[in-house]
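The first residue in the sequence is number 1, and the count goes up from there.
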Amino acid sequence: MKEPTPPHGKKKRHNQVTFKPYVQNQAWLLPPTLEELIPEGHLVRLVNDAIEGMDLEPILNTYEGGGSSTYHPRMMLKALVYGYVDKRYSSRDIEKALQENLCYMWLCGMQKPDHNTLNRFRNSRLKQTVKAVFAHVLAMLVEQGYVRLEEYYVDGTKLESVAGRYTYVWAKNVERYKGALLEKIAQVIEQIEAANEQAEAEAAKEQAKAAQPAVSDSEALQETIERLNKALKEQLGENKKLSKQLEKLQQEHLPKLQSYEEQEAILAGRSSYSKTDPDATFMRTKEDHLGKGQLKPCYNLQLGTENQFVINYTVHQTPSDMAVFTEHMDDTFQVLESIGAPQPKRIGGDAGYGCEQAYEYLEEKGPEAYLKYPGFDREQNGKADANPFYYTNLYYNAEQDYYVCPMGQRMALVQVCEEKTQAGYPHKIHVYQAQRCEGCPLRGMCHKAKTDRIIRVNQRNARYRQQARQRLNSLRGIRMRQKRGIDTEPVFGHIKQCRGFRRFLLTGLEGVSTESGLLAIAHNLRKWWATLNKPVQDAPLPPAQSVQANQMGQKTSQWQLFFEKMAFPKAFSTFDQFSMNLLSPLTMAALSWGSPGGSDF
């Protein structure tokens, strides 16, 4: 059935389609400025304010003066930092954004440097000054109270280099090829010496051979070639075979030996390097696209965080975290000293850092070490080695310094030797030996050596581990172990997964350090902005100097309120001695459950 047609053939008003006016080339009578088009509280405004308040003297000192005018370093720094904040890591992407993105246009004042200019500024001006820029941002966070420097959580991750994955040079191969080449050179020199029958008498030849050292490097080979050329100058024209051997030494073996020495210099004690990025080392990563444990050219990025803010960063060529811990902490203390901030009171880390060198270092510097040691988690889970013959399960008499085996026999100290770790750290090893293992019924289960059993113990490391075990199992240690996983790991997850940065774009250790600095600055600024724009705004944490005073002032009222709510008013006097730091999550939840405004913690 058809609907009745309205009079005069017109549609009803509510059925009419109405569009908003659209005039693409409409001119504005009073056009707004670029700043008016950017919303209040936008991230780009925080980046602009932070860099405007910086002292750029370190960057300005890199300019020599003269020549044509250049872009202002403050504008270039804003473009690069906001590019990393906006997940634009390529200079070409930033160049495109400067021409199309409103935020970039306002931030840079409509100036449009090309990608070459941006990349030159990043590679030259920021290489030596990015750490100073990072320190300025850190100083602002400390001043605002977002960073208190009470605790410092350190962790590392492997980030892939821009180098090719199959451009490896292995140190073992270089050593093997160089050894084979030196053997070949020794044979050729021996043949040439044997061919010189008319140079000297037989006895004189033997004496000369004994006085000449073996060829071990390119310089010695060059001297040997020059000596042979002088000694056999008359025979070279007559003996073509002798001439070819010397020519082969000069033109083939000598350049090869020099190339192997150059490779050893590039390796500098490392296990490998990449041909297209010699500073990168091949390391094992979790992102294994082949599933066969493939090694990739990477750098070891170390980060120290507090409340998910980056306190410091360092880049290393060594995959081991233990080997780079002291170097990272030295740089951290230097950065904090440059901004006038105190050292962290407590250092937390996983089992990749707990070693004698790290414990001794922190003992000398002052901060308390809450570093796990290898095997700590197995001890906590009850999976530690329960073998009664293992040396850690043997009875030890500390006063007389001896161990007792399961059969009750003493194992006395027989030697103290000094050794060095792979990182070059010296430590002492105590050697204990049993007296009569022959005929022992438990010998087959105890050890398989033909002599009496010998155990090697690092007593100093054992004492450090005992101290670490006590700290980690304390109330504060348990809290720090829980917090470590939610403090440093999210930072790496944010950089790699959320921001999509899994591979460096610059080559060389300096270039990679520059990119790491820009990443750390961008992360801190974005974290700062996210904290400011929380749905439920939390007041920033007070500076480190006033935290304890504020806690002591609030402690009495908070505990009293808690016990009144839990109907235990008399217990307040007993628990009043405890610190506010010992409040558990259950206590805080119970405290906030009954109060209209929630908890003040």
Main chain of [Y], side chain of [X]: is a donor-acceptor contact present, judged purely on distance under 3.5 Å?
{"X": "Glu306", "Y": "Glu151", "answer": "yes"}
{"X": "Glu36", "Y": "Thr33", "answer": "yes"}
{"X": "Gln308", "Y": "Val491", "answer": "no"}
{"X": "Trp528", "Y": "Met140", "answer": "no"}
{"X": "Gln302", "Y": "Phe325", "answer": "no"}
{"X": "Asp86", "Y": "Arg88", "answer": "no"}
{"X": "Gln317", "Y": "Ala280", "answer": "no"}
{"X": "Ser474", "Y": "Gly477", "answer": "yes"}
{"X": "Arg270", "Y": "Thr318", "answer": "no"}
{"X": "Thr514", "Y": "Glu510", "answer": "yes"}

Hey, could you give me the [atom1]/[atom2] distance between [X] and [Y], rounded to the nearest 0.5 Å?
{"X": "Asp330", "Y": "Lys365", "atom1": "CG", "atom2": "NZ", "result": "5.5 Å"}
{"X": "Ile59", "Y": "Thr129", "atom1": "CD1", "atom2": "OG1", "result": "4.0 Å"}
{"X": "Arg74", "Y": "Leu107", "atom1": "CZ", "atom2": "CG", "result": "12.0 Å"}
{"X": "Arg165", "Y": "Ser274", "atom1": "CZ", "atom2": "OG", "result": "12.0 Å"}
{"X": "Leu295", "Y": "Lys158", "atom1": "CG", "atom2": "NZ", "result": "11.5 Å"}
{"X": "Asp277", "Y": "Cys298", "atom1": "CG", "atom2": "SG", "result": "10.5 Å"}

task: Evaluate the side chain to side chain donor-acceptor pair (under 3.5 Å) criterion for residues Lys286 and Thr157: first the C-alpha distance (whole Å), next the side-chain angles of each, then the deciding distance (0.1 Å), finally the verdict.
output: CA-CA 10 Å; Lys286 296 179 181 178; Thr157 188; over 6 Å; no

[X] to [Y] - nearest heavy-atom pair and separation:
{"X": "Gly508", "Y": "Asp279", "result": "CA-OD2, 3.4 Å"}
{"X": "Asn307", "Y": "Tyr146", "result": "ND2-O, 3.7 Å"}
{"X": "Tyr353", "Y": "Leu371", "result": "O-CD1, 4.1 Å"}
{"X": "Ser320", "Y": "Asn300", "result": "O-ND2, 3.8 Å"}
{"X": "Tyr313", "Y": "Ala520", "result": "CD2-CB, 4.0 Å"}
{"X": "Tyr373", "Y": "Ala468", "result": "CD2-CB, 4.2 Å"}

If you measure only the distance, is there a donor-acceptor pair under 3.5 Å linking the side chains of [X] and [Y]?
{"X": "Gln497", "Y": "Arg502", "value": "yes"}
{"X": "Lys296", "Y": "Ser161", "value": "no"}
{"X": "Gln357", "Y": "Tyr359", "value": "no"}
{"X": "Tyr464", "Y": "Glu363", "value": "yes"}
{"X": "Ser91", "Y": "Asn119", "value": "no"}
{"X": "Asp114", "Y": "Thr117", "value": "yes"}
{"X": "Gln466", "Y": "Arg469", "value": "yes"}
{"X": "Thr314", "Y": "Asp331", "value": "no"}
{"X": "Ser272", "Y": "Thr281", "value": "no"}

task: Check whether the ring centres of Phe282 and Trp170 lie less than 6.0 Å apart, and answer yes or no.
output: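 Centroid distance Phe282-Trp170: below 6.0 Å, so yes.
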
What do you reckon, is [atom1] of [X] surrounded by more than 12 foreign heavy atoms closer than 6.0 Å?
{"X": "Gln111", "atom1": "CD", "value": "yes"}
{"X": "Tyr168", "atom1": "OH", "value": "no"}
{"X": "Lys483", "atom1": "NZ", "value": "yes"}
{"X": "Glu337", "atom1": "CD", "value": "no"}
{"X": "Glu57", "atom1": "CD", "value": "no"}

Can you find a heavy atom in the side chain of [X] that is under 4.5 Å from one in the side chain of [Y]?
{"X": "Pro367", "Y": "Phe333", "answer": "yes"}
{"X": "Val44", "Y": "Ile38", "answer": "yes"}
{"X": "Arg122", "Y": "Val130", "answer": "no"}
{"X": "Leu138", "Y": "Val335", "answer": "yes"}
{"X": "Glu160", "Y": "Thr285", "answer": "no"}
{"X": "Lys131", "Y": "Asn312", "answer": "yes"}

Identify whether NZ of Lys or CZ of Arg in [X] sits under 6.0 Å from the centre of the six-membered ring of [Y] and within 45° of that ring's axis.
{"X": "Arg45", "Y": "Trp106", "value": "yes"}
{"X": "Lys345", "Y": "Tyr152", "value": "no"}
{"X": "Arg125", "Y": "Tyr63", "value": "yes"}

query: For Leu303 and Ile311, what are the C-alpha separation, side-chain angles and deciding distance, and is it a side chain to side chain contact (heavy atoms under 4.5 Å, CB included)?
result: CA-CA 8 Å; Leu303 292 182; Ile311 309 301; over 6 Å; no

message: Taking Arg465 first and then Glu356, would you say they form a salt bridge - that is, a charged N and a carboxylate O separated by under 4.0 Å?
response: no

field: Asp155/Arg484 salt bridge by N-O under 4.0 Å criterion
entry: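 Here Arg484 pairs with Asp155 in a salt bridge, since their nearest N and O are under 4.0 Å apart.
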
- prompt: Does the side chain to side chain contact (heavy atoms under 4.5 Å, CB included) test come out yes or no for Thr488 and Asp350, once each step is laid out?
  reply: CA-CA 11 Å; Thr488 55; Asp350 58 15; over 6 Å; no

Arg481 and Lys372: CA distance, side-chain angles, deciding distance, side chain to side chain contact (heavy atoms under 4.5 Å, CB included) verdict: CA-CA 9 Å; Arg481 281 193 283 141; Lys372 293 182 183 179; 3.7 Å; yes

- prompt: How far apart are the C-alpha atoms of Asn101 and Lys96, what are their side-chain angles, what is the distance that settles it, and do they pass the side chain to side chain donor-acceptor pair (under 3.5 Å) test?
  reply: CA-CA 8 Å; Asn101 194 298; Lys96 184 179 180 181; over 6 Å; no

message: His328 vs His316, test: side chain to side chain contact (heavy atoms under 4.5 Å, CB included). Steps then yes/no.
response: CA-CA 9 Å; His328 171 79; His316 308 271; 4.2 Å; yes

Whether Tyr82 and His42 hold their rings parallel, tilted or perpendicular, with breakpoints at 30° and 60°: tilted

message: Between Arg346 and Glu150, is the salt bridge (charged side-chain N to carboxylate O under 4.0 Å, His left out) condition met? List the steps.
response: CA-CA 7 Å; Arg346 294 171 289 275; Glu150 293 285 332; 3.6 Å; yes

